[in-house]
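Structure first, commentary second.
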Protein chains: 2
Amino acid sequence: MLTSPPPHLSPRKRPRQARATVTLDAIFEATIQVLIADGPRRLTTTRVAERAGVSVGTMYQYFPHKQALFYALNERYLDLVADKVEATCRAQQGGSVRDMVKALVATYWAAKTERVEVTQALYKSVVELDNEAMIEAFACRVDRATATMFASAADAAFADLHTVVLTLLTSIFGTVRSVFERNLPMDEAEAVLRQLVVMCVAYLDAVKLPSDGGMAPDRSRTVEVPVHDAA
Amino acid sequence: MLTSPPPHLSPRKRPRQARATVTLDAIFEATIQVLIADGPRRLTTTRVAERAGVSVGTMYQYFPHKQALFYALNERYLDLVADKVEATCRAQQGGSVRDMVKALVATYWAAKTERVEVTQALYKSVVELDNEAMIEAFACRVDRATATMFASAADAAFADLHTVVLTLLTSIFGTVRSVFERNLPMDEAEAVLRQLVVMCVAYLDAVKLPSDGGMAPDRSRTVEVPVHDAA
DNA sequence: TGAAAATATGAAGGATCGTTCAGTTTGAGG
DNA sequence: CCTCAAACTGAACGATCCTTCATATTTTCA
């Protein structure tokens, strides 16, 4: 969590006892289930509470209002995805560009397909939520991890790494989202994904600096890419 | 409009007099404005009517309920975008792959940036709408036009045109959407767009069939790509 | 011009939903 | 076991909101 949520969206209190944690998890899971079953419009505080097996009042002990619940839910999810991407990036340090792209696409796709309905439900719950800051924070984490990874590539270097990474991630995330939106059948979806890897590799090959005949980039230590705050 | 909307979402009646047409346009425009100013959650039948300068009852003469209004609004918009893409595809018949990609990206981007707030507002209004069929219809039109265009390319041919087009469009549309979602500053957004073109061209170059030394594809007549219904 | 059709009005009904709070139950620590 | 804080309950309130319909106004056209 790079940035804490805006004050009006932050939780009321944190659970101190074990049962409270259980309750919170139940509320989150119930929210997802109601979102899937009834859609965002029929997602009601009462319905969520009922499904979670708690009373409405309990929800309001943790969240000042419905929006805060949504916010926390999405934040939880994005944090999880960011974790996975970061792990992948770490694992691919020093590898080939092709492997990096493959791993990146696979990781993101896996994270989104693990529970397809959840992903689609969350895409919808995002609406009407001041989630600019949240997305920004997510993007920041992923940008940084990806840039660090590509900076360590064994077989390529890039002049404008920032733009390259931005393009790559925007297109990967966007493409995956588009695949979900179009509701493509599995076989076509997977075909597009495979092609996406081809596309990204071809792109990186097109924009990489000409290799200096044998002088491989120094990989003796990990290059940390500085945080670049987009104003 | 390839498919008519599901019965429960179709308009109640069509305007027969001039003033009715004016009213309808006012309602659509008001919907957009309220969507932008107040967000989808505060978008109320009363508010829309008020902004449109008509009474609530008038709205219900044309739409059986609020959702139908949303549906019609989005359908209108998508039809417009599809029109533009089709026009571009027609204009690029027989050109080079690079020009085609450039034109495609430019057209889609222009359509979405013409009124940025509208685009973002509509992205949000789409939620919670049985718009699968609508998106499917849009995708169908655009897929077909794009496939026809690329089939006529002067400098390349493709083995699996269907998959290539699907990949290309999914990534272009997805990337544009992602750019909007991240709210990138204009200069970065445009940089990504330029890179996107590079990316697509590199991809097409990577998957095109090896040119048969001088035997250019027959461009004497336009090849119509058959409609491919995704079951 | 006059009647029929199309269009517009907006107060009122009915239903749902978010949120509160006074009171109860449960768990932790001494 | 006792006490206090933490956690939980759910009926009730107030605020909207969607939709209808009886009525009024405007346009068409014979």
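Computed from a predicted structure; not experimentally measured. A note on names: the letters A, B, ... follow the listed sequences, proteins ahead of strands, and every chain is numbered from 1. The figures that follow rest on heavy atoms only: side chains count, while hydrogens, waters and symmetry mates do not.
For the pair B:Leu24 CG and C:dA6 C1', the computed distance is 13 Å after rounding to whole Å. D:dC18 atom P lies 13 Å from atom CZ of B:Arg42, rounded to whole Å. Here D:dC17 presents its C1' atom at 13 Å from CZ of B:Arg41, a figure rounded to the nearest Å. In this structure, A:Ile27 atom CD1 and D:dA7 atom P are separated by 12 Å, rounded to whole Å. Between the CG atom of A:Leu69 and the P atom of C:dG18 there is a distance of 11 Å, given to the nearest Å. Rounded to whole Å, the distance from CG on B:Asp25 to P on C:dT7 is 14 Å. We find that CE of A:Met59 is positioned 13 Å from P of C:dC17, with the value rounded to whole Å.
Between A:Arg51 and A:Asp38 there is no salt bridge, since none of the side-chain N atoms of the basic residue sits less than 4.0 Å from a carboxylate O of the acidic one. Looking at B:Glu181 and A:Arg177, a side-chain N of the basic residue comes within less than 4.0 Å of a carboxylate O on the acidic one, giving a salt bridge.
For the OP1/OP2 pair of C:dA8 and a distance below 4.0 Å, the side-chain nitrogens and oxygens of B:Ser55 include no atom meeting the criterion. Side-chain N/O atoms of B:Thr46 include none lying less than 4.0 angstrom from OP1 or OP2 on D:dC17. The phosphate of C:dA8 has OP1 or OP2 within less than 4.0 Å of a side-chain N or O from B:Thr23. Proximity of A:Thr58 to the phosphate of D:dA7: no side-chain N or O atom is located under 4.0 Å from OP1 or OP2. An OP1 or OP2 oxygen of D:dG10 is reached within less than 4.0 angstrom by no side-chain nitrogen or oxygen of A:Tyr60.
Ranking C:dT7, C:dT19, D:dC18 by closeness to the B:Lys13 side chain, first place goes to C:dT7. Distances were taken from every side-chain heavy atom of A:Gln17 (C-beta onward) to each of C:dG10, D:dA6, C:dT19; the shortest belongs to D:dA6.
Residue-to-nucleotide contacts include no donor-acceptor pair under 3.5 Å from the side chain of B:Arg16 to the base of C:dT7. Counting distance only, with no hydrogens placed and no angle test, the side-chain atoms of B:Gln61 and the base atoms of C:dA6 include no donor-acceptor pair under 3.5 Å.
Nucleic acid contact class of A:Arg47 (heavy atoms, under 4.0 Å, all strands): sugar-phosphate only. Looking at heavy-atom distances under 4.0 Å, A:Leu43 makes contact with sugar-phosphate atoms alone, never a base. Residue A:Thr44 is classed as a sugar-phosphate contact, given heavy-atom separations below 4.0 Å to backbone atoms only. A:Tyr62 comes within contact range of the sugar-phosphate backbone alone, with a heavy-atom separation under 4.0 Å but no base atom that close. Within 4.0 Å (heavy atoms only), B:Val54 reaches sugar-phosphate atoms of the nucleic acid but no base atom.
Looking only at distances, a side-chain donor or acceptor of A:Lys66 sits under 3.5 Å from a matching main-chain atom of A:Leu43. In this structure, the side chain of A:Ser55 engages the main chain of A:Gly57 through a donor-acceptor pair within 3.5 Å.
The aromatic rings of B:Phe180 and B:Tyr123 sit perpendicular, their planes meeting at an angle over 60°, well past the 30° parallel limit. Under the 30°/60° scheme for interplanar angles, the aromatic rings of A:Phe138 and A:Phe173 are found to be tilted.
Annotation: of the two residues near DNA chain C, B:Gly57 and B:Ala20, the 5′-most nearest-nucleotide partner is B:Ala20. Position along DNA chain D of the nearest nucleotide to B:Gln67 versus A:Pro15 favours A:Pro15 as the more 5'-ward residue.
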